[in-house]
Amino acid sequence: MSKQVRVRFAPSPTGHLHIGGARSALFNYLFARHHGGDFIVRIEDTDRKRNVEEAEAKLIESLRWFGTEWDESIDKDGGVGPYRSMDRLDIYKEYIDKLVEEGKAYHCYCTEEELNAEREAMKARCETPRYSGKCRHLAPEQIEAYKAEGRTSSIRFRVPENREYIVHDHIRGEVKFESNGIGDFVIARPDGIPTYNFAVVIDDYLMKITHVIRGEEHLSNTPRQLMIYEAFGFEAPEFAHVALILNPDGKKMSKRDESLIQFVEQYRDLGYLPEALMNFLALLGWSPEEEREIFTREELIDKFSLSRVSKSPAIFDIHKLNWMNNHYIKQAPVERIAELCIPHMQKAGQLPQKLNEDQYEWAKQVVALYQEQLQYAAEITGLASLFFENEVQYDEEAKAVLSDEQVPDVMKAFHEELVTLKEYTPDTIKEALKAVQKVTGQKGKKLFMPVRVATTGLTHGRDLNQTLFLLGRDKVVSRVQNVINNYEKIAK
RNA sequence: GGCCCGUUGGAGAAGUGGCUUAACUCACCAGCCUUUCACGCUGGCAUUCAGGGGUUCGAAUCCCCUACGGGUCACCA
């Protein structure tokens, strides 16, 4: 590999950045950086019907957030652009014309209806549905007749007969395909816009791509691309086809699949950290030699190699992502996590749209309280809801705790301590609870659980002193008072 | 249906002929720690590598068949 390594991620702007796409981008990025090469992002938008408004911008935005920095793209010219297929039409035309002139491609006048009918008939006969080659050798008169009819023509590639094409795949080894199993395929539509299989070859060649790392769904298409490389006498790049990511059922992901969050943007909005998603996705289909899971970007770059990419598909496990994201959240400065959490709390009506300094400080402390157990930022609203409820609801488990016989004594003693406290801080709260222990003789679970449940409604939670502090004396007093007043009702 | 790819525990996976009575991580379960809670810690979780045949002194690792899953066969990428 003496050549400068150049790889690319070439999505079509048909929607948001998918986690599968993100992983492809990541593998390309890691490979490029590992070899000191270039990573290019190219937009394959030759299907105008499917192009979605704004999709390109969203795609780029997601990719940028994800962190796979590119060296060349639509916003960064490296001298081999443009980097958007639809801006390269003149280039494709030149190559298509050449192929037609040399007889390696030909005009096909079949209509879509004819082709569909042909395909259906073949399927009905249990044959491989592929183009019959009807227009391979049209007589000039026939062409004139079609033209007179007003028919337009697409351009088909003349697939060589009795040939074997071998894909040398870095992940799968040698994969062989018989050309006879492949029908003449369209390389350009009637309006001159090329199809993917053609454009991708021209683009990769002209952009000096050395390694094509992409999803396994492209493996079967590779022989077609190999034929085009051959037709032009271009040297083909090296290939690596990565197995797909499956949903939790072990099935292929479909757009409407709700068993899994599929788009990078959604993970960002839920409050996942990009470095966590990157670390997780890197380990989905690739494994390092070391026995550990947490890797910085630099480490991933240093260790990544195609030879350790798995051949078999992987199931996306949200539990592991959550664990990993939690790991990164714990390490992050609280300010960063607060920045992610506060908007969720505002959206939930827990915090005002504009925070003054005190409000921000308080919110930050609430976030800090939960930082250790947060799996993603959006969870904060559920975890912190106890701070915003006016009335505490007690479920069966909570009621069971409050039904203990020592509870009224503990509550009364705690109430007494609370109202006489001079200062209300985590430390003084701690002292107050110690005083309650002395007065009532209750300690441990018998002491803390009733206080926790009475004030938060929950049997699980974070550090009690800090929780009570953040809750504020008024709320705590009134909740304790409520339990005292309604002990009989709650305990029954 | 043809062609192609794959199949190690619930999940990610290591393992490329003997070091494997199958590493590591997540999840799950049990216990410990903590005057509460959480974090954390410790232990348990595949006698077996989809199934069946071979090859070999010896196979998760090599070969064949079957089953299952997936990709592709578009004027989608």
Side-chain angles (χ1 to χ4, degrees), chain A residues 10-14 21 44-47 49-50 85 108 110-112 115-116 119 122-131 152-156 167 169 171-172 175-178 180-183 185-191 193-197 199-200 214-224 241 243-244 246 248 250-252 280 283-294 308 310-324 330 369-370 372-373 401 433-434 437 442-453 456 458-465 467:
Chain A
S12 63
T14 56
E44 299 274 357
D45 57 350
T46 53
D47 184 358
K49 289 187 206 123
R50 287 181 161 222
S85 298
C108 169
C110 295
T111 63
E112 229 167 311
L115 292 170
N116 284 337
R119 253 196 301 276
M122 286 176 122
K123 271 189 188 167
R125 276 176 275 139
C126 286
E127 288 173 28
T128 304
R130 67 182 150 115
Y131 180 63
T152 54
S153 66
S154 57
I155 312 279
R156 278 182 193 275
V167 180
D169 195 281
I171 296 168
R172 280 151 222 291
V175 184
K176 297 171 185 164
F177 294 89
E178 298 291 335
N180 292 354
I182 298 170
F185 54 95
V186 170
I187 57 173
R189 303 172 174 95
D191 56 12
I193 297 176
T195 57
Y196 167 78
N197 275 128
V200 74
R214 72 223 312 189
E216 194 187 4
E217 73 268 27
H218 291 287
L219 181 56
S220 299
N221 271 327
T222 309
R224 281 170 245 272
H241 288 94
L244 302 176
L246 271 25
K251 299 270 187 241
K252 179 184 84 155
F280 174 74
L283 260 34
L284 205 59
W286 170 79
S287 65
E289 287 182 58
E290 286 151 279
E291 293 178 355
R292 62 186 174 117
E293 308 287 316
I294 303 296
R308 294 189 68 85
S310 167
K311 290 181 175 68
S312 51
I315 292 173
F316 190 101
D317 182 20
I318 190 71
H319 293 294
K320 187 158 182 177
L321 205 214
N322 284 340
W323 164 79
M324 198 170 270
K330 282 192 281 194
L369 186 63
Y370 292 104
E372 203 169 85
Q373 74 169 185
V401 170
L433 282 167
K434 267 192 181 149
Q437 180 182 325
Q442 300 294 341
K443 58 175 183 175
K445 249 192 172 87
K446 292 273 183 189
L447 168 66
F448 289 93
M449 279 307 269
V451 172
R452 176 182 292 286
V453 172
T456 68
L458 303 170
T459 50
H460 301 267
R462 304 297 312 190
D463 180 80
L464 191 53
N465 302 323
T467 303

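Convention: sequence-line order gives letters A, B, ...; per-chain numbering from 1. Please read all numbers here as calculations on a predicted model, not as lab measurements.
Scored by the ring pair (Phe, Tyr, Trp, His ring centres under 6.0 Å) test, A/Phe185 finds A/Phe157 as partners (sequence neighbours excluded). Every ring pair (Phe, Tyr, Trp, His ring centres under 6.0 Å) that A/Tyr196 has, sequence neighbours left out, goes to A/His218. Scanning for ring pair (Phe, Tyr, Trp, His ring centres under 6.0 Å) contacts around A/Trp323 gives an empty result, with sequence neighbours left out. For A/Asp169, the side-chain hydrogen bond (donor to acceptor under 3.5 Å, both in side chains) partners at least two apart in sequence or on another chain are A/His241. A search for side-chain hydrogen bond (donor to acceptor under 3.5 Å, both in side chains) contacts involving A/Arg130 returns nothing, not counting sequence neighbours. Qualifying side-chain hydrogen bond (donor to acceptor under 3.5 Å, both in side chains) partners for A/Asn465, counting only residues two or more places apart in sequence or in other chains: none. Every residue two or more places apart in sequence or in another chain that forms a side chain to side chain contact (heavy atoms under 4.5 Å, CB included) with A/Glu217 is listed here: A/Leu244. Partners of A/Asn322 according to the side chain to side chain contact (heavy atoms under 4.5 Å, CB included) rule, which considers only residues two or more places apart in sequence or in another chain, are A/Tyr272, A/Ile318, A/Gln375, A/Tyr376. By the side chain to side chain contact (heavy atoms under 4.5 Å, CB included) test, A/Arg452 pairs with A/Met449, A/Thr456, A/Leu464, sequence neighbours left out.
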Provide a list of protein-nucleic acid N or O atom pairs under 3.5 angstrom, restricted to nucleotides 62-65 of chain B.
none

Give each protein N/O atom lying under 3.5 Å from an N/O atom of nucleotides 9-15 of chain B, with the pair distance.
from: B/G12; atom 1: OP1; to: A/Ile315; atom 2: N; distance (Å): 3.0
from: B/G12; atom 1: O2'; to: A/Leu283; atom 2: O; distance (Å): 2.9
from: B/A13; atom 1: OP1; to: A/Gly285; atom 2: N; distance (Å): 2.6
from: B/A13; atom 1: O3'; to: A/Ser287; atom 2: OG; distance (Å): 3.3
from: B/A14; atom 1: OP1; to: A/Ser287; atom 2: OG; distance (Å): 2.8
from: B/A14; atom 1: O3'; to: A/Arg308; atom 2: NH2; distance (Å): 3.3
from: B/G15; atom 1: OP1; to: A/Arg308; atom 2: NH1; distance (Å): 2.9
from: B/G15; atom 1: OP1; to: A/Arg308; atom 2: NH2; distance (Å): 3.4

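A/Leu321 comes within 4.0 angstrom of nothing in the nucleic acid, heavy atoms only. Residue contacts for A/Ser12: at a heavy-atom cut-off of 4.0 Å it reaches the sugar-phosphate backbone alone, with no base atom in range. Nucleic acid contact for A/Phe177: sugar-phosphate only, since backbone atoms but no base atoms lie under 4.0 Å from a heavy atom of the residue. A/Cys110 comes within 4.0 angstrom of a base, heavy atoms only. Heavy atoms of A/Lys446 sit nowhere under 4.0 angstrom from any nucleic acid atom. Looking at heavy-atom distances under 4.0 Å, A/His218 makes contact with a base. Residue A/Thr46 is classed as a sugar-phosphate contact, given heavy-atom separations below 4.0 Å to backbone atoms only. Within the 4.0 angstrom heavy-atom criterion, only backbone atoms of the sugar-phosphate kind lie near A/Arg224; the bases stay farther away.
Here, B/G53 and B/G40 have their P atoms 47 Å apart, quoted to the whole Å. A gap of 14 Å separates the P atoms of B/G52 and B/A59, to the nearest Å. A distance of about 23 Å separates the P atoms of B/U16 and B/A11, rounded to the whole Å. B/U48 and B/U42 have their C1' atoms separated by 26 Å, given to the nearest Å. Using atom C1' as the reference point in both B/G31 and B/C68, the two lie 40 Å apart (nearest Å). Between the P atoms of B/C45 and B/A30, the separation comes to 15 Å (whole Å). Only the P atoms considered, B/A50 is 14 Å distant from B/G12, to the nearest whole Å. As rounded to the nearest Å, B/U34 and B/C19 have P atoms that lie 43 Å from one another.
Looking at heavy atoms from C-beta onward, A/Ser154 lies in side-chain contact with A/Pro190 at the 4.5 angstrom threshold. Counting heavy atoms from C-beta outward, A/Pro223 and A/Ile182 have side chains that approach closer than 4.5 Å. With contacts defined as side-chain heavy-atom distances shorter than 4.5 Å, the pair A/Thr46/A/Thr195 does not qualify. Considering only heavy atoms from C-beta on, A/Leu283 comes within 4.5 Å of A/Pro288 through its side chain. Counting heavy atoms from C-beta on, the side chains of A/Phe177 and A/Thr222 never come closer than 4.5 Å.
A/Asn197 has its CG atom 10 Å from the P atom of B/C75, to the nearest Å. In this structure, NZ of A/Lys311 is placed 11 Å from P of B/C5, rounded to the nearest angstrom. Here B/U25 presents its C1' atom at 9 Å from CD1 of A/Ile294, a figure rounded to the nearest Å. Straight-line distance from the CD1 atom of A/Ile187 to the P atom of B/A74: 16 Å, rounded to whole Å. For A/Ile182 and B/C3, the CD1 to C1' distance is 8 Å, given to the nearest whole Å. Residue A/Arg172 contributes atom CZ, which lies 15 Å from atom P of B/G70 at whole-angstrom precision. Following rounding to the nearest Å, A/Tyr131 (OH) and B/C3 (P) show an atom-to-atom distance of 24 Å. Remark: C1' of B/C24 and CZ of A/Arg292 are 12 Å apart, rounded to the nearest angstrom.
For B/A11, the paired base is B/U25 (Watson-Crick or G-U wobble, both distances below 3.5 Å). With a 3.5 Å ceiling on both atom-pair distances, the Watson-Crick or G-U wobble partner of B/G2 is B/U72. Across all strands shown, B/U36 remains unpaired; no Watson-Crick or G-U wobble contact has both distances below 3.5 Å. Pairing partner, B/C41: B/G31, with both Watson-Crick or wobble hydrogen-bond distances short of 3.5 Å. Across all strands shown, B/A60 forms no Watson-Crick or G-U wobble pair with both distances under 3.5 Å. Across all strands shown, nothing is found opposite B/U16 as a Watson-Crick or G-U wobble partner with both distances under 3.5 Å.
Under 4.0 angstrom from either OP1 or OP2 of B/G2 there lies no side-chain N or O belonging to A/Arg130.
Within a 6.0 Å radius of CD in A/Glu290, more than 12 heavy atoms belonging to other residues, nucleotides or ligands are found.
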Per-nucleotide protein contact string for nucleotides 31-45 of chain B (B base, S sugar-phosphate only, - none; heavy atom under 4.0 Å): ----BBBSSS-----
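In terms of position on RNA chain B, the residue among A/Glu112 and A/Glu216 whose nearest nucleotide sits closer to the 5' end is A/Glu216. Along RNA chain B, the nucleotide nearest to A/Tyr196 and the one nearest to A/His319 differ in position, and the one closer to the 5' end is contacted by A/His319.
Here the side chain of A/Lys49 is nearest to one of B/C4, B/C75, B/U72, namely B/C75.
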